[in-house]
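These values consider heavy atoms only, across backbone and side chains, with no hydrogens, waters or symmetry-generated copies. Note that this is a predicted model, so its numbers are computed, not measured. Sequential numbering from 1 along the given sequence is applied to the chain's residues.
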Amino acid sequence: AEATAKRLKMYVLRAQVTVSLEPDVALIGLIGPLPGEWSSPPHAPLGRQIQEDVEVIRWPAVEGERWVLSGPLDRCQALWTQWAALDGTLESGTDRWRAVDVQLGLPTVHTATQDLFVAQMANLDRVHGLSFTKGCYTGQEVIARLHYRGQVKRELVSALCDEAVELAAPVYMDGEAQPAGEIADVAALPGGGARVGMVIRSAALDAGALHVGAANGPPLRDIQRPDYDWISSPI
């Protein structure tokens, strides 16, 4: 959050805008049925509802239900404690959540991957993460040129690997000396290995086997292009 706030402050010019951190606000990601506090939760993906100063958003899921809740820190802590007492098997941690995001093609920019990709290569335009109508911003010329005059030759896809994978690791085709792409996101899986998001040349997806780290490195399998049909409004 600190790094993001610092970067945003660079773009505050003549506008009366203050960028600050809110330490007393918390987020909870919940996989599964929403507890009984919300009698009529939103039904559409990205639908929102506010109840007792906590906002709940129905987040896209591969199967079942996912929810994002945000509100005052003390209130979110109380909810977490209450739910943990109701279900002794409640899991905590982000890997399971991030694995679903990776499979759905929801891009996350990490410190290790920032500035590696043009935004469209990470499918940010597919999830309404770009504006082609607002005023000037850093990188706008490249993004606009690619949108109106160019062709995106790389895309974000997901895959499985049976070994641990590092962010920004190169991805190779069989027998190729130059990488065809890079790992953009990684989520460790409970049984070992990882689900990864990779930005890769579109032509490489149908040209043969893919490996991480080297041309003879760990193979990638179950390669999927994300399906964004569920998106009807900006995230």
Side-chain angles (χ1 to χ4, degrees), residues 25-73 75-110 113 122-129 155-165 167 183-199 205 220-235:
V25 174
L27 283 176
I28 295 177
L30 180 67
I31 298 177
L34 196 64
E37 287 90 346
W38 283 267
S39 56
S40 57
H43 297 289
L46 307 181
R48 301 165 182 256
Q49 183 187 93
I50 297 178
Q51 186 167 313
E52 296 183 7
D53 67 10
V54 174
E55 181 181 49
V56 60
I57 304 173
R58 180 183 285 271
W59 207 244
V62 175
E63 58 183 22
E65 299 173 329
R66 285 203 305 166
W67 310 91
V68 171
L69 299 96
S70 64
L73 178 60
R75 171 73 170 134
C76 288
Q77 287 175 330
L79 286 172
W80 184 266
T81 302
Q82 174 186 336
W83 296 339
L86 290 174
D87 184 354
T89 64
L90 186 68
E91 302 175 21
S92 62
T94 60
D95 280 329
R96 185 180 174 194
W97 182 275
R98 291 182 56 231
V100 179
D101 276 353
V102 171
Q103 188 172 355
L104 286 170
L106 296 175
T108 299
V109 180
H110 302 275
T113 60
N123 293 6
L124 279 165
D125 55 328
R126 303 283 302 277
V127 296
H128 302 283
E155 58 182 298
L156 178 69
V157 299
S158 73
L160 293 174
C161 184
D162 293 330
E163 299 186 25
V165 179
L167 282 169
I183 298 297
D185 209 350
V186 178
L189 298 177
R195 180 169 289 280
V196 303
M198 56 181 172
V199 173
L205 293 175
L220 295 166
R221 57 183 178 84
D222 192 28
I223 299 170
Q224 300 177 10
R225 283 186 167 99
D227 181 356
Y228 294 110
D229 289 346
W230 53 269
I231 295 179
S232 58
S233 61
I235 294 177

Excluding sequence neighbours, so at least two apart, what forms salt bridge (Lys or Arg N to Asp or Glu O under 4.0 Å) with Glu163? none
So, using salt bridge (Lys or Arg N to Asp or Glu O under 4.0 Å) as the criterion, who are the partners of Arg96 when residues are at least two apart? none
Quick one, [X] and [Y] - any side-chain contact, counting heavy atoms below 4.5 Å?
{"X": "Leu69", "Y": "Trp59", "value": "no"}
{"X": "His110", "Y": "Thr108", "value": "yes"}
{"X": "Glu155", "Y": "Val157", "value": "yes"}
{"X": "Arg48", "Y": "Pro42", "value": "no"}

Strictly distance-based, threshold 3.5 Å: is any side-chain N or O of [X] a donor or acceptor partner for the main-chain N or O of [Y]?
{"X": "Tyr228", "Y": "Asn123", "result": "no"}
{"X": "Trp67", "Y": "Gly32", "result": "yes"}
{"X": "Arg58", "Y": "His43", "result": "yes"}

With sequence neighbours excluded, residues passing side chain to side chain donor-acceptor pair (under 3.5 Å) with [X]:
{"X": "Gln77", "value": "none"}
{"X": "Glu63", "value": "none"}
{"X": "Asp222", "value": "Gln224"}
{"X": "Gln103", "value": "none"}

Suppose we screen for side chain to side chain contact (heavy atoms under 4.5 Å, CB included). Which residues come up paired with [X], at least two apart in sequence or across chains?
{"X": "Leu189", "result": "Ala99, Leu160, Arg195"}
{"X": "Val100", "result": "Val62, Arg66, Leu104"}
{"X": "Val186", "result": "Val165, Leu167, Ile183, Ala194, Val196"}
{"X": "Asp95", "result": "Arg98, Ala188"}

Considering all heavy atoms of both residues, which atom of [X] and which atom of [Y] are nearest to each other, and what is their separation?
{"X": "Leu34", "Y": "Leu30", "value": "CD1-CD2, 4.0 Å"}
{"X": "Gly105", "Y": "Val127", "value": "O-CG1, 4.3 Å"}
{"X": "Trp97", "Y": "Val68", "value": "CZ2-CG2, 3.6 Å"}

Look up atom OG in Ser158 and atom CE in Met198, then write down how far apart they are to the nearest 0.5 Å. 8.0 Å
Please say which of Leu156, Val199, Val102, Asp185 ends up in a side chain to side chain contact (heavy atoms under 4.5 Å, CB included) with Pro107. Leu156
